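Only one structure is covered here, and it is reproduced in the block below.
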Amino acid sequence: MTIAPIQLDTYKLGFIGAGKMAESIARGVVQSGVLHPSRISTAHSNPVRRSAFESFGVKVFSQNQQVVEDSDVVIFSVKPQVVKDVVLQLQPLLSKKKLLVSVAAGVKLKDLQTWAGSERFVRVMPNTPAAVGEAATVMSLGGAATEADGELISKLFGSVGKIWKADEKLFDAITGLSGSGPAYVYIAIEALADGGVAAGLPRELALGLASQTVLGAASMVCQSGKHPGQLKDEVASPGGTTIAGIHELEKDGFRGLLINAVVAAAKRSREFSN
């Protein structure tokens, strides 16, 4: 069967699940101009969640079935433990004319495709900085998803950050790094701020400096093209303050702790996947 292409200038986008991740993606898509809000829909009964989407022009139905019927691209953004029931419930409406997308962590494409009765599926792993347009997202195409489908998804999720394409077998490791990684960075920011307070800074100033320092350092890595080790060496002058601090980090196994955190989270993701 020939897969009909999605018409880029007219297609409609629907979210099954109206939580924070769906809201972040929808907002990014609208703010970037990728889609007009009139072409986006979701469904929810909670007045607060309905208002969140309606505030920037998204159509909110009362039933998920209405979202699917109204959409050409359907994003399943429900919790992993309920995605099977939701997909099975909507299966009669999931024709191969529709491009299906899942952002449910740990749920494999082969299962999604079986439940939907369609292999025109794309699995996507974004992370929470999508809320501020700085997500790190990875996608993997299902059996019947076309390259054009992949380009459409790249444009959608590219509106809330950066997106990469990878084999699905890497998704547990991706979850351990970029999916869980923001939490590690938040802890690092909190700890840096605590260090500033311990050294005599007011709390508000310490937190502001710590946050901006992490943001600036990340931007340097992304924009300079230099290896982070090289950038580190450029800051650490001989016998100076920075190398003294780095010495303390190395004594306490800072690198090893971060490596272990990513590996532990990836292992946990693998357990969920299985």
Side-chain angles (χ1 to χ4, degrees), residues 1-8 11-19 21-22 25-26 29 40-43 63-127 130 135-158 163-176 178-179 266 268-274:
M1 175 181 172
T2 302
I3 299 293
I6 304 292
Q7 299 301 312
L8 296 181
Y11 80 88
K12 292 184 178 181
L13 174 66
F15 289 88
I16 304 300
M21 181 60 76
I25 297 166
V29 168
I40 306 173
S41 67
T42 189
Q63 301 292 329
N64 284 335
Q65 288 85 349
Q66 295 169 287
V67 176
V68 176
E69 290 170 347
D70 191 59
S71 304
D72 304 292
V73 180
V74 180
I75 298 179
F76 291 92
S77 54
V78 296
K79 295 185 184 300
Q81 57 266 37
V82 302
V83 68
K84 178 180 180 179
D85 290 340
V86 172
V87 174
L88 286 174
Q89 182 184 44
L90 296 171
Q91 184 189 52
L93 301 175
L94 303 178
S95 75
K96 293 178 176 59
K97 292 181 179 180
K98 298 181 185 294
L99 174 58
L100 310 178
V101 182
S102 171
V103 298
V107 183
K108 294 181 179 179
L109 274 169
K110 66 179 179 64
D111 294 323
L112 292 163
Q113 292 170 167
T114 298
W115 302 332
S118 171
E119 293 190 351
R120 195 177 188 182
F121 232 118
V122 182
R123 183 178 171 189
V124 178
M125 170 61 72
N127 61 6
T137 301
V138 181
M139 69 171 178
S140 182
L141 302 184
T146 65
E147 287 301 315
D149 291 339
E151 290 171 10
L152 184 153
I153 296 306
S154 289
K155 190 170 184 180
L156 274 178
F157 284 85
I163 183 166
W164 292 262
K165 189 175 177 181
D167 193 294
E168 189 187 22
K169 67 183 180 182
L170 302 176
F171 267 49
D172 292 321
I174 289 164
T175 299
S178 61
R268 188 62 170 156
S269 175
R270 200 169 296 114
E271 291 171 354
F272 285 138
S273 296
N274 294 332

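Remember, predicted model here, so these are calculated numbers, not experimental data.
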Practice item. Step by step, work out the side chain to side chain contact (heavy atoms under 4.5 Å, CB included) result for Tyr11 and Leu152. Key: CA-CA 10 Å; Tyr11 80 88; Leu152 184 153; 3.9 Å; yes
Taking [Y]'s backbone N and O only, do any of them form a donor-acceptor pair with [X]'s side chain (distance below 3.5 Å, no angle check)?
{"X": "Gln63", "Y": "Ala43", "answer": "no"}
{"X": "Lys96", "Y": "Gly117", "answer": "yes"}
{"X": "Glu168", "Y": "Leu109", "answer": "yes"}
{"X": "Ser140", "Y": "Arg123", "answer": "no"}
{"X": "Lys98", "Y": "Val68", "answer": "yes"}
{"X": "Asn64", "Y": "Ile16", "answer": "no"}

Any idea which heavy atoms bring [X] and [Y] closest together, and the distance?
{"X": "Ala116", "Y": "Leu100", "result": "CB-CD1, 3.8 Å"}
{"X": "Val122", "Y": "Ala145", "result": "CG2-CB, 4.0 Å"}
{"X": "Ile40", "Y": "Ala26", "result": "CD1-O, 4.4 Å"}

Say you draw a straight line from [atom1] of [X] to [atom2] of [Y]; how long is it, rounded to the nearest 0.5 Å?
{"X": "Leu141", "Y": "Glu119", "atom1": "CG", "atom2": "CD", "answer": "12.5 Å"}
{"X": "Asp111", "Y": "Gln113", "atom1": "CG", "atom2": "CD", "answer": "9.5 Å"}
{"X": "Arg268", "Y": "Asp172", "atom1": "CZ", "atom2": "CG", "answer": "12.0 Å"}

**Study point:** Set of side-chain contact (heavy atoms from CB on, under 4.5 Å) partners for Ala18, sequence neighbours left out
**Key:** Thr42, His44, Phe53
Review point. Among Ile75, Val74, Leu112, which one satisfies side-chain contact (heavy atoms from CB on, under 4.5 Å) with Ser102?
Key: Leu112
I want to check something: taking the side chain as every heavy atom from C-beta on, are [X] and [Y] in contact at a cut-off of under 4.5 Å?
{"X": "Leu156", "Y": "Met139", "answer": "no"}
{"X": "Leu90", "Y": "Phe76", "answer": "yes"}
{"X": "Gln7", "Y": "Asp72", "answer": "no"}
{"X": "Ile25", "Y": "Phe157", "answer": "yes"}

Review point. Stepwise, does the side chain to side chain contact (heavy atoms under 4.5 Å, CB included) test hold for Leu99 with Ile153?
Key: CA-CA 10 Å; Leu99 174 58; Ile153 296 306; 4.0 Å; yes
